[in-house]
Amino acid sequence: MLEEETDLWRIILLAFLVFLGVSVSVVLGDSLDWDTAVLLNLKSFLEESNQVNRGHYSEWNRESSNPCDWRGITCNYNRTRVTGVNLSGNDISRTMFQNFSALTELSHLDLSANTLGGQIPPDLSRCNNLVYLNLSHNILDGELNLVGLNKLQTLDLSKNRIGGEIRTSFPAICNSLVVLNISENNLAGSIEDVFNPCKKLRYLDLSENDFSGNIWKGFGRLQEFIISDNHLNGSIPASSFTVNCSLEVMDLSGNNFSGQFPGEISNCRDLVVLHLWGNNFKGPIPPEIGSMASLEALYLGNNSFSRDIPESLLDLKNLIFLDLSRNNFGDEIQETLGKFTQVKYLLLHSNSYTGGLYSSGVLNLSSVVRLDLSFNNFSGPLPFEVSRMPSLKYLIFASNQFNGSLPLDYGDFPLLQALDLSFNELTGTIPSSLGKLSSLLWLMLANNQLVGEIPPEIGNCSSLLWLNLANNKLSGHIPPELANIGQNAMATFDSNRQNYPPFSFVYSILSRKTCRSLWDQLLKGVWLFPICAPGTLVRTNQISGYVQLSGNMLSGEIPSEIGKMHNLSMLHLGVNNFSGEFPQEIRELPLMVLNISDNRFSGEIPWEIGEIKCLRNLDLSRNNFSGNFPTKLNNLTQLSKFNVSYNPLISGVIPATGQLATFEEESFLGDPLLDLRSFPNQPVSPSLATFEKESFLGDPPLILRSFPNQSVYPSANTTRSGTKKPSNFSDFLVLFALVLAFLTFGLFSFMLFSSVKCRSRLFWKR
Ligand SMILES: *[C@@H]1O[C@H](CO)[C@@H](O)[C@H](O)[C@H]1NC(C)=O
Ligand SMILES: *[C@@H]1O[C@H](CO)[C@@H](O)[C@H](O)[C@H]1NC(C)=O
Ligand SMILES: *[C@@H]1O[C@H](CO)[C@@H](O)[C@H](O)[C@H]1NC(C)=O
Ligand SMILES: *[C@@H]1O[C@H](CO)[C@@H](O)[C@H](O)[C@H]1NC(C)=O
Ligand SMILES: *[C@@H]1O[C@H](CO)[C@@H](O)[C@H](O)[C@H]1NC(C)=O
Ligand SMILES: *[C@@H]1O[C@H](CO)[C@@H](O)[C@H](O)[C@H]1NC(C)=O
Ligand SMILES: *[C@@H]1O[C@H](CO)[C@@H](O)[C@H](O)[C@H]1NC(C)=O
């Protein structure tokens, strides 16, 4: 009886609850049907604003199945409510859907890696059940206000254009926050006290914004603290490194921090990465660092640390990466450095060292994979001792005063991928033994005094994609074998993909993440910008290289074998003594840049150049071309720089319409027989007709370093969106200009100077 009664009460209670539930669901939309309706609204919103490229949401369909089975949708355990929407990388553009809050149980929302713009709609702040929100890699702007999202554990807004201060949202929404990534935005203001109440925060990435003022003192309780590339200043308080410091990664690079760096850092026993590059730290390198047994990477470059390197650092058994570049050390390399037998990446560039190469013993470090001694004042012969460093992959001696000839032994590095000896005083010939370097990707010997011919054996360098021999005194013909370089770089790229070093070799000097990822891409053979197959504007995603031979005394004809170089997107042969007809096989190359100015090429300009549809930069000036100007060049719709000046024998008509008409007179100087229809009122100065070709021969190399010219790539500076969407035209220009800069300055020298703001210094000129 008593039991029956309770049962009855139970039934009544249950009925009441069911009734309550129904009425609530009517008010709040508390059912799967309701969620389905919202999702279908979302679908039509997305289809409306994305007419062409559509993602998998297009398959969502009320008839076909339960929404819990739709791609990108997750439901709760008993499949009664939608809890997750993942539309990452679905080609979504325009603005955000304004009604996510109608999905009242939504806890995971991922719209990352799209092209969403505009502000984050206020509706999103009403999604109070959100635990995970990822809007990274979009172009969202406006200011940040997410007040209301009190359950958030993970918030990723990185790589957007969000501006203003962060005070409105933090600490307001940080009750549960564990991961916060707002890197690569335009956020500003102070961070000094905003995160104090965020007790659960473990991962904080604020890098690449405009934050200023002092550091947040409470960072010691995080696991990762990344604040690189902001404008923070002041000193780092010792009190931040409490005895229970749990930091594993700390990156303060690219700020204006000053003072001594506190030895209390050694309280952070689990620290793996300590990144202090590019600040104004002075005084001693704290010897206490030597007790942090897990440390793998120590970046101290570009500061003003004092010269003594504490012996205690030798105890760091796991240290792989040591960057002591740009600290004004001068004099001899410290002897301690020769004892770091565990280190694989040793960066000592830009220190004005004059000696100590041998006495320090750095040339006996058999584990070193990357040795960078560039931008110092070393002189004398190149050390052949490096050939005893069997692990070397990147050997960078650029911008010193090394003289004498290139040791034959430099061909004995089976693993070498980059050899940069440019901007030295090297003499003698290029040894044919370099042809044994089968893993070599970069050979940079520019701006030396090298003489003799280019050895045909270089053609055996089957990985070599980037060859720069500019501004030497090389003579003789281009050996036809040279066309074989870079025919099979895949083997090297594959080994880099499988065996990628934990810290890429450029990490320390390119602190901008975008630049790092650029280099990661390069080393793995991932294309940077698309190239065109011959005869079409169809772009393919393939990595391409360059050959830069300008400013030498090379002569003879260009071998027709050049047509085999299907990986070449830039060819620079200017300021040499090449002669004869220019080979029509050039049409086979996916070129973006062709510069053959200042030579003695004769005969007709090959009309086949008009078939290289993606050509952007064509310089034929100061040659002896004759005959009719090939109007086929008017098909080069991508051409942004063109010069055919000072080919006095060239005749014909430049069409008044089309691509060629977009160029100024400056592109057609000294061509008296050329009819410039597009400049009817500005006849070319008659005096120029009297110029003989001979008057230009043997001119010392002109402004060889003025290339590339900023004015040609105006849009390259205008976007912050970086490398995230290389198909985007202006991003493509940025990458393209970057490679152009390598072409001129040499890979590594360029990188050194691009250190802090890779992007803004793309056009840096020496
Ligand atoms: C949001 O979605 C619900 C359910 O589809 C609908 O009733 C409501 O009108 C929508 N609100 C807005 C602002 O679109
Ligand atoms: C956010 O999305 C991006 C791109 O899809 C992804 O790489 C990243 O790991 C996500 N962030 C978090 C914190 O899960
Ligand atoms: C933050 O986001 C950026 C860009 O998406 C990413 O590169 C970085 O690794 C993220 N930071 C952390 C700590 O995960
Ligand atoms: C770490 O230690 C400091 C004092 O040194 C203390 O105030 C703080 O509560 C400790 N934090 C944790 C997470 O134990
Ligand atoms: C230029 O070419 C013409 C023939 O087209 C030739 O007669 C002349 O010698 C050449 N001049 C030079 C400087 O090579
Ligand atoms: C073309 O080359 C000539 C000769 O080097 C130079 O004077 C002229 O300024 C160049 N024109 C352009 C548009 O760069
Ligand atoms: C071609 O090379 C010469 C010599 O290096 C340089 O002066 C000229 O500006 C280059 N032309 C173009 C179009 O970049």
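One-based numbering, in listed order, for ligands and for the atoms of each.
Counting heavy atoms under 4.0 Å from ligand 6, residue Tyr646 touches it through the side chain alone.
A disulfide (SG to SG under 2.5 Å) check over residues 614-672, counting only residues at least two apart or in different chains, returns the pairs Cys532-Cys614.
Taking every heavy atom of Ser626 and a limit of under 4.0 angstrom, the matching atoms of ligand 5 come to 5 (O). Which parts of ligand 6 touch Ser621 is read off a 4.0 Å heavy-atom cut-off, strictly below it: atoms 2 (O). Atoms of ligand 6 lying under 4.0 Å from any heavy atom of Asn643, numbered from 1 in the order shown and given with element: 1 (C), 2 (O), 3 (C), 8 (C), 10 (C), 11 (N), 12 (C), 14 (O). Every atom of ligand 6 with a heavy atom of Arg622 under 4.0 Å away is listed here by number and element: 4 (C), 5 (O).
When the salt bridge (Lys or Arg N to Asp or Glu O under 4.0 Å) test is applied to Arg71, the partners found at least two apart in sequence or on another chain are Glu59. Under the ring pair (Phe, Tyr, Trp, His ring centres under 6.0 Å) criterion, Phe582 pairs with Phe601, sequence neighbours left out.
Formation of a donor-acceptor pair under 3.5 Å by the Ser246 side chain with backbone atoms of Leu222 is found in this model. Although no hydrogens or angles enter the test, the distance criterion places a donor-acceptor pair under 3.5 Å between the side chain of Asp251 and the main chain of Ser253. Asn623 places a side-chain N or O within 3.5 Å of a backbone atom of Ser621 that can act as its donor or acceptor partner. One N or O on the side chain of Asn230 and one on the backbone of Ile227 form a donor-acceptor pair closer than 3.5 Å.
In this structure, Ile173 and Leu155 approach most closely via the heavy-atom pair CD1-CD2, 4.2 Å.
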Ligand-protein N/O pairs under 3.5 Å (ligand 2):
from: ligand 2; atom 1: 2 (O); to: Ser112; atom 2: OG; distance (Å): 3.1
from: ligand 2; atom 1: 2 (O); to: Asn134; atom 2: OD1; distance (Å): 3.4
from: ligand 2; atom 1: 2 (O); to: Asn134; atom 2: ND2; distance (Å): 2.4
from: ligand 2; atom 1: 2 (O); to: Ser136; atom 2: OG; distance (Å): 3.4
from: ligand 2; atom 1: 5 (O); to: Ser88; atom 2: OG; distance (Å): 3.4
from: ligand 2; atom 1: 5 (O); to: Ser112; atom 2: OG; distance (Å): 2.8
from: ligand 2; atom 1: 11 (N); to: Asn134; atom 2: ND2; distance (Å): 3.0
from: ligand 2; atom 1: 11 (N); to: Asp156; atom 2: OD2; distance (Å): 2.8
from: ligand 2; atom 1: 14 (O); to: Tyr132; atom 2: OH; distance (Å): 2.7

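A donor and an acceptor atom, one from each side chain of Gln153 and Tyr132, are nowhere located under 3.5 Å apart.
The distance criterion of under 3.5 Å between nitrogen or oxygen atoms is met by Glu666 with respect to ligand 6. Residue Arg600 has no nitrogen or oxygen atom sitting less than 3.5 Å from a nitrogen or oxygen atom of ligand 5, judged on distance alone.
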